[in-house]
There are 2 protein chains.
Amino acid sequence: MTGSYREDMWWHGRLRCRGYRITAGRDAVLDVLTKSDAHLSAEDIYMRVHRIYPGIGLASVYRTLELLAQMGLVYKFDFGDGRARYELAEGSKKDQHHHHLVCNNCHKVIDYNDFIEEEVELLKKTEKGLSRKYDFQITSHLIQFYGICADCRKQE
Amino acid sequence: MTGSYREDMWWHGRLRCRGYRITAGRDAVLDVLTKSDAHLSAEDIYMRVHRIYPGIGLASVYRTLELLAQMGLVYKFDFGDGRARYELAEGSKKDQHHHHLVCNNCHKVIDYNDFIEEEVELLKKTEKGLSRKYDFQITSHLIQFYGICADCRKQE
DNA sequence: CATAAAATGATAATGATTATCAATAACTTG
DNA sequence: CAAGTTATTGATAATCATTATCATTTTATG
C-alpha cells in the first residue's frame with residue numbers, strides 16, 4: 001500500500017530541489033547519521049561510512065557534512081575537544097529536540113530534554129524580539145551547559 | 001583615601017591564591033581584554049598586547065587565555081570562523097551579562113541583552129534541575145542565535 | 001547514449017593551536 | 001637583599017582538523 005515510498009530516501013527531494021545530486025556517498029553519510037544516536041566527528045562518520053561504502057574519501061565526508069549543515073539537515077557542534085561533532089537535525093527521525101550538557105574535563109556530552117518546552121517557548125519569543133530589533137533573520141539557536149560530570153568529580 | 005588599591009589589579013589575588021604568578025605578560029593581556037569591548041581572537045590580542053609589551057610571544061598569549069578561561073575570568077567562544085574569540089567575564093567590569101547573535105554568512109556578532117532577565121531566570125532553574133538529575137556540577141552556559149544579518153541579506 | 005555539470009578521491013596545503021625546551025623571571029626563605 | 005626553587009616565557013617545531021586543488025568519474029537530462 002505504501003507504494004515505492006522509502007523511509008530512508010526523504011532527503012532526496014531536499015537535495016534535488018536545490019540542484020544537488022544524489023550520490024552513493026551522500027546516501028551513506030545520511031544512513032550513518034540516521035542510525036547513530038550520538039555525537040560523531042567527521043572522522044567517526046568517515047570510518048563508519050567506509051565500512052558500507054569503502055570507496056568514499058574523507059574529503060567527501062567533510063563536503064557532505066558541510067552541505068547538510070548548510071541546508072539545516074544536520075547540526076554541527078563544538079564541544080571543546082578540538083573537532084566538530086555532527087548530528088541529524090530533529091524532525092527527520094525519532095529524535096526529539098534536546099540540548100547538551102558538556103563536561104569541561106572529559107568532554108563527555110549528555111543529551112537532555114528536561115525543561116525543553118519552557119526553553120523552546122522562551123527562545124521562540126526571544127527570537128521574534130531579536131529578529132525585529134536587530135533586523136536579523138534567525139534560523140537556529142544553541143544552548144549548552146558546561147561543568148564537571150560525576151565521574152570526573154570522583155576522580156579528583 | 002582609597003590607599004594603594006588599584007582597580008586594574010583585581011585579578012592579582014585570584015591568580016596568587018591559586019599559586020600562579022603575576023607577570024608582565026598576563027597583566028598586559030588582561031589590560032587589553034579589559035579595555036576592549038569586542039570579540040578578539042588570540043592573534044588580535046597578541047597584536048594589541050605587543051604594542052604595550054613587545055617582548056611577549058604568541059604562545060604566552062594562548063597560555064594566558066587558556067589559564068584565564070580555566071579560571072572563569074574569561075569566556076571563550078566559537079563563532080564559526082575557525083578561530084576562538086575571547087572576552088572578559090562579566091562581573092569584573094562595566095560589562096553586563098549578554099548573549100550573542102551570530103551571522104552565519106559574515107560571522108559578525110551582535111551582543112544583546114534583551115530578554116536577558118527571563119533567560120537567566122529560566123537558565124538558573126534549568127541548571128538546578130539538571131545538576132540534580134544528572135549529578136553534574138554546572139559552572140556556565142552558552143546561548144547563541146544564528147542567522148543572516150541585515151547586511152548579508154541585502155547583498156544577495 | 002551523449003553531453004554538461006556536479007561530485008569525487010587522493011593528496012597537498014592551510015592555519016589555528018600545542019608541545020618542547022633551554023633561558024629567564026617571580027616569589028620565598030633565610 | 002641574595003640565593004634558591006619553581007613557574008613562566010619566547011622561539012619555534014610539531015600537530016592535526018579542515019580546506020583547496022585538480023584530474024577523473026558520476027549523475028542527471030534530453
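Chain A is the first sequence line, chain B the second, and so forth, proteins listed ahead of strands; every chain is numbered from 1. In this text, all values refer to a predicted model and were calculated from it rather than measured experimentally.
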| field | End axis versus end axis in the helix from C:dC1-D:dG30 to C:dG30-D:dC1, the angle rounded to 10°, five pairs used at each terminus | value | 40°
| note | Under a 4.0 Å heavy-atom cutoff, the residues of residues 56-67 of chain B touching DNA chain D are B:I56, B:G57, B:A59, B:S60, B:R63
| Rounded distance (Å) that lies between atom C1' of C:dC27 and atom CG of B:L15 | 14 Å
| said: Let me spell it out: for each of B:A24 and B:R85, pick the nucleotide of DNA chain C with the closest heavy atom. Which residue's pick is nearer the 5' end? | reply: B:R85
| request: Quick one: which residue pairs count as a salt bridge (charged side-chain N to carboxylate O under 4.0 Å, His left out) with a foot in residues 128-147 of chain A, not counting sequence neighbours? | output: A:K133-B:D114, A:D135-B:R153
| query | Transitive ILVMFWY cluster of A:Y75 at side-chain heavy atoms under 4.5 Å: who else is in it? | reply | A:F77, A:F79, A:V102, A:V109, A:L142, A:Y146, B:Y75, B:F77, B:F79, B:V102, B:V109, B:L142, B:Y146
| query | Distance from A:L68 atom CG to A:L88 atom CG, nearest 0.5 Å? | reply | 8.5 Å
| request: Could you tell me the separation between the CG atom of B:L65 and the OG atom of B:S41, rounded to the nearest 0.5 Å? | output: 9.5 Å
| message | In this structure, how many angstroms lie between the P atom of C:dG15 and the CZ atom of A:R83, rounded? | response | 21 Å
| task | Determine the minimum heavy-atom distance between A:V61 and A:A42, stating which atoms define it. | result | CG1-O, 3.7 Å
| task | Determine, stepwise, if the pair B:E87 / B:H98 fulfils side-chain hydrogen bond (donor to acceptor under 3.5 Å, both in side chains). | result | CA-CA 11 Å; B:E87 58 182 56; B:H98 64 267; 2.8 Å; yes
| request: Report the C-alpha separation of A:D44 and A:R48 in whole Å, then their side-chain angles, then the decisive distance to 0.1 Å, and conclude whether the salt bridge (charged side-chain N to carboxylate O under 4.0 Å, His left out) test is met. | output: CA-CA 6 Å; A:D44 291 338; A:R48 295 187 187 204; over 6 Å; no
| said: Could you see if B:W11 belongs to whatever hydrophobic cluster contains B:I45? Use Ile, Leu, Val, Met, Phe, Trp, Tyr and a side-chain cutoff under 4.5 Å. | reply: yes
| remark: Whole-Å distance, A:R16 CZ to C:dA6 P, equals 16 Å
| query | Does OP1 or OP2 of C:dT8 have a side-chain N or O of A:T23 closer than 4.0 Å? | reply | yes
| Partners meeting side-chain contact (heavy atoms from CB on, under 4.5 Å) with A:S60 (sequence neighbours left out) | A:I56, A:R63
| task | Under 4.0 Å between any heavy atoms, over every strand shown, what does B:G25 touch: base, sugar-phosphate, or nothing? Just pick one. | result | nothing
| request: Kindly indicate whether the side chain of A:R21 and the base of C:dA5 share any N or O donor-acceptor pair separated by less than 3.5 Å? | output: yes
| Are A:H107 and A:H100 close enough that their ring centers fall under 6.0 Å? | no
| DNA chain D: 5'-most and 3'-most nucleotides touching chain A, 4.0 angstrom heavy-atom criterion | D:dA17 to D:dA28
| remark: When rounded to whole Å, the CG to P distance for the pair B:L40 and C:dA16 reads 15 Å
| query | Once you round it to whole Å, what is the distance between C1' of C:dA7 and OH of A:Y20? | reply | 12 Å
| said: If only side-chain N and O atoms count, and only distance matters, is there a donor-acceptor pair under 3.5 Å linking A:H99 with A:E119? | reply: yes
